[in-house]
**Q** 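Submitted below is the structure of interest, expressed as structure tokens.
Since this is a predicted model, take the numbers as computed values, not measurements.
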There are 2 protein chains.
Amino acid sequence: MITLEDVARRAGVSLATASRVLNGSTRQVGETMRRRVEAAAAELGYRTNVAAQTLARGASNVIGLVVHDLVDPYFAAIADGAMRAAAEQGHMVMVGTTYRDPDREIAYVSTLSAQRVRAVLLAGSRVDDPAITGRLRRELDRYRASGGQVASVGQDLLGVATVAPANREGAAALARALAGLGHRRFAVLAGPAHLITAADRHAGFAAELAALGAPPPQVIHGPFDRNGGYTAIETLDPRVTCVFAVNDVMAVGALARLRERGVVVPDDLSVAGFDDIATLRDLTPPLSTVRLPLAEMGSRAVELALAGESAVIPVAGEVVLRESARKLR
Amino acid sequence: MITLEDVARRAGVSLATASRVLNGSTRQVGETMRRRVEAAAAELGYRTNVAAQTLARGASNVIGLVVHDLVDPYFAAIADGAMRAAAEQGHMVMVGTTYRDPDREIAYVSTLSAQRVRAVLLAGSRVDDPAITGRLRRELDRYRASGGQVASVGQDLLGVATVAPANREGAAALARALAGLGHRRFAVLAGPAHLITAADRHAGFAAELAALGAPPPQVIHGPFDRNGGYTAIETLDPRVTCVFAVNDVMAVGALARLRERGVVVPDDLSVAGFDDIATLRDLTPPLSTVRLPLAEMGSRAVELALAGESAVIPVAGEVVLRESARKLR
DNA sequence: CTGTTAGCGCATTCAG
DNA sequence: CTGAATGCGCTAACAG
């Protein structure tokens, strides 16, 4: 193991000088010494020990990212954006996956805090449970008290910098667009009632329907994933002409089940989702949805956290009407 | 910032004792002192400083994972498996994305090495370029010389523990199955010629066709992603009755372009992919493909690396025939 | 079982 | 511009 001291000795300079040239110090070092140190480092194959550096500096260059599920393309996209932004500022990203278990999320904050990461990012919906939110907040407070930065992508419930997708408004706009196609009898595949992202999308959609004078939609709860959409179809009211799944992955599950049952989308039934997941754009029929700039949301969150800003940035969704939803005859 | 020393003082014990109870030491500590230390730690809100621990121990508990692209569901699945295995052994995962740039891959090995991660995992195809492979090997050798473990998911070209999907054999088996449906005129959407995973799948497929006495397939090179499949269709020979895309994501692109051109799959043309990406299973028509246990591959790689074994584990693919490929009339 | 002590590798005062 | 010295928080001998 080659240390800075080895390099210094080899270059015939002091430890301090070697440190100054090899690691980004503000201090200047004379041309001659600088060359000597660089040469010695190269010859010896010196590699900074980041752990030692972190300890000495009291600050690391890694940021922690906590997601619900990396296999869900929603989180993969956010993670990708976050990693790009982090890399741009010379940071590495440490990832934790909660598999939607709030306690695991809290545990990760604690672990990342022990790692002394510079910032932690919490991506994904909050849960409607004051006890859990409270515990998470306490954990975050401790982390921040020790100098850490926090940002979240989702609801502004944690008192930290937040990139907040306009779920309600997006869903409302989608409802408007769908109603504009002539639909009046809707179903909402609403996901789990306690997941705030799901609840907001559901609420925004239903509220707009009411404002439009349409009858209240059939509401079917279930998991927030592909199977949630798939199984929800079982209990679908046959009078419904348009189904809104609160995310694209659920919509895909719904489409699969509908196909199995011989229901032709959009001829017999219109379907829409939310998120506009890129990997799913080649589905048949192409999904009507609300586009969210996921990668950008991840990047923004990293930038906020690293800048130490505690802003709440709203992010608008854009309604995208594709073949899966069509004008009601 | 509460340190171990603060805890020790508060508990009225020595630093060493506090260390022994709070961090997993083999040494035993008496019941009384143990309680006192735990109480003090809780009251003070003590949190281990992992950087200091890493420095003192000379070993960290994080593992590095280098992938080509986290948004590609292939890598997301591998990463997921790797993270599960890592979590099981109490490790965190630091992720780097190369965006398919080999130099970035080398740079990440170097960065992770500076982080003193316990192991690094390289996921994704190697490139057919001895110069690049050489530089990567040298970097890995340096890392291993400093005590790091390495494992890869892909080709066994690095002299490290490897989980190696049987790309050739899988593609050959697929060729057999497709030929069994009566097809003889094939096209291979072969991806980039220098990507070994792509080349192996192509080679295995073509070799089996030859063995079966079928004419050589049309070969169309292009990017290894959705657009690679999409654009490849432009130059498709109209006499071809079955298209093999060397991965599922390319197959999706091909299906999209075919649909636009009014070609009905599988009535007019059969299509198959490789990987069996879960997110893509609800495609229409369902894709014939070769299933790879991606998450398991990621887990195995982590286990190998952490165990310090330098084995090469072959992983077989399983042919899955679905609607996108059908019997030739 | 418990305490003392000497580093781990590096950044950073403070002198010169 | 350069060097000597101190400490970051923790672990692991070593002693008792």
**Q** Where the side chain of Ala16(A) is concerned, which of dT2(D), dA4(D), dA11(C) is the nearest nucleotide?
**A**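 Side chain of Ala16(A) sits closest to dA4(D).
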
**Q** Just how far, in rounded Å, is P of dG3(D) from CZ of Arg9(A)?
**A** 14 Å

**Q** Determine whether more than 12 heavy atoms belonging to other residues, nucleotides or ligands lie under 6.0 Å from atom CD of Glu296(A).
**A**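 No - once you tally the heavy atoms of other residues, nucleotides and ligands closer than 6.0 Å, there are 12 at most.
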
**Q** Got more than 12 heavy atoms from elsewhere within 6.0 Å of CD, Glu5(A)?
**A**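 Open.
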
**Q** From dT2(D), dG3(D), dC10(D), pick the nucleotide closest to the side chain of Met33(A)?
**A**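 Out of dT2(D), dG3(D), dC10(D), the nucleotide with an atom closest to Met33(A)'s side chain is dT2(D).
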
**Q** Below 4.5 Å, heavy atoms only, C-beta onward: do Met92(B) and Leu112(A) meet side chain to side chain?
**A** yes

**Q** Heavy-atom nearest nucleotide on DNA chain C for Thr32(B) versus Ala56(B): which residue maps closer to 5'?
**A**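 Going by which nucleotide is closer to the 5' end, it is Thr32(B).
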
**Q** To the nearest angstrom, how far is Glu5(A) atom CD from dC10(C) atom C1'?
**A** 10 Å

**Q** Look up atom CG in Leu121(B) and atom CE in Met297(B), then write down how far apart they are to the nearest 0.5 Å.
**A** 11.0 Å

**Q** Is the NZ or CZ atom of Arg84(B) both under 6.0 Å from the centre of the six-membered ring of Tyr99(A) and within 45° of that ring's axis?
**A**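 Yes, Arg84(B) lies over the aromatic ring of Tyr99(A).
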
**Q** Taking the side chain as every heavy atom from C-beta outward, state whether Glu303(B) and Gln89(B) have any pair of such atoms under 4.5 Å apart.
**A**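 SC-SC contact between Glu303(B) and Gln89(B) confirmed.
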
**Q** Quick one: side chain to side chain donor-acceptor pair (under 3.5 Å) pairs with a partner in residues 148-161 of chain B, sequence neighbours left out?
**A**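 Side chain to side chain donor-acceptor pair (under 3.5 Å) check on residues 148-161 of chain B returns Ser152(B)-Thr162(B), Gln155(B)-Thr197(B).
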
**Q** Give the rounded distance in Å between these two atoms: CE of Met1(A) and C1' of dG7(C).
**A**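 Rounded to whole Å, this separation is 17 Å.
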
**Q** Rounded off to whole Å, could you give me the CG-to-C1' distance for the Leu22(B) and dG9(D) pair?
**A**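 After rounding, the gap between these two atoms is 13 Å.
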
**Q** Nearest whole Å is fine: how far is dG9(D) C1' from Asn23(B) CG?
**A**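 Rounding to the nearest Å, CG of Asn23(B) and C1' of dG9(D) are 11 Å apart.
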
**Q** From the list dC10(C), dT11(D), dG3(D), which nucleotide is the closest neighbour of the side chain of Ser19(B)?
**A** dT11(D)

**Q** Is it true that atom CZ of Arg300(B) has more than 12 heavy atoms of other residues, nucleotides or ligands lying nearer than 6.0 Å?
**A**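 Atom CZ in Arg300(B) is not packed in, count stays at 12 or less.
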
**Q** Classify Leu55(A) by what it touches in the nucleic acid, base, sugar-phosphate, or nothing, heavy-atom distance under 4.0 Å.
**A**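 The residue Leu55(A) makes base contact.
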
**Q** Strictly below 4.0 Å, heavy-atom distances to any atom of DNA chain C: list the hits from residues 43-54 of chain B, or just say none.
**A** none

**Q** Could you state the atom-to-atom distance from CZ of Arg20(B) to P of dT11(D) in whole Å?
**A**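 Whole-Å distance recorded here is 11 Å.
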
**Q** Please determine, for the side chain of Thr3(B), which listed nucleotide (dC10(C), dT11(D), dG9(D)) has the closest atom?
**A**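 Among dC10(C), dT11(D), dG9(D), the one nearest the side chain of Thr3(B) is dG9(D).
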
**Q** For Gly58(B), which contact category applies under a 4.0 Å heavy-atom criterion: base, sugar-phosphate, or nothing?
**A** nothing

**Q** How many Å lie between CG on Leu15(A) and P on dC8(C), as a whole number?
**A** 12 Å

**Q** So what is the end-to-end bend of the helix from dC1(C)-dG16(D) to dG16(C)-dC1(D), with 5 pairs used at each end and the value given to 10 degrees?
**A** 30°

**Q** Grab the CZ-P distance between Arg36(B) and dC1(C) for me, whole Å please.
**A**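 Distance check: Arg36(B) CZ to dC1(C) P gives 16 Å.
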
**Q** Compare all side-chain heavy atoms of Met33(B) with those of Val21(B) and state whether any distance is below 4.5 angstrom.
**A**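 Met33(B) vs Val21(B): side chains apart.
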
**Q** Taking atom CZ as the centre, does Arg126(A) end up with more than 12 heavy-atom neighbours from other residues, nucleotides or ligands that are less than 6.0 angstrom away?
**A**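 Yes, because the 6.0 Å sphere around CZ of Arg126(A) holds more than 12 heavy atoms from other groups.
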
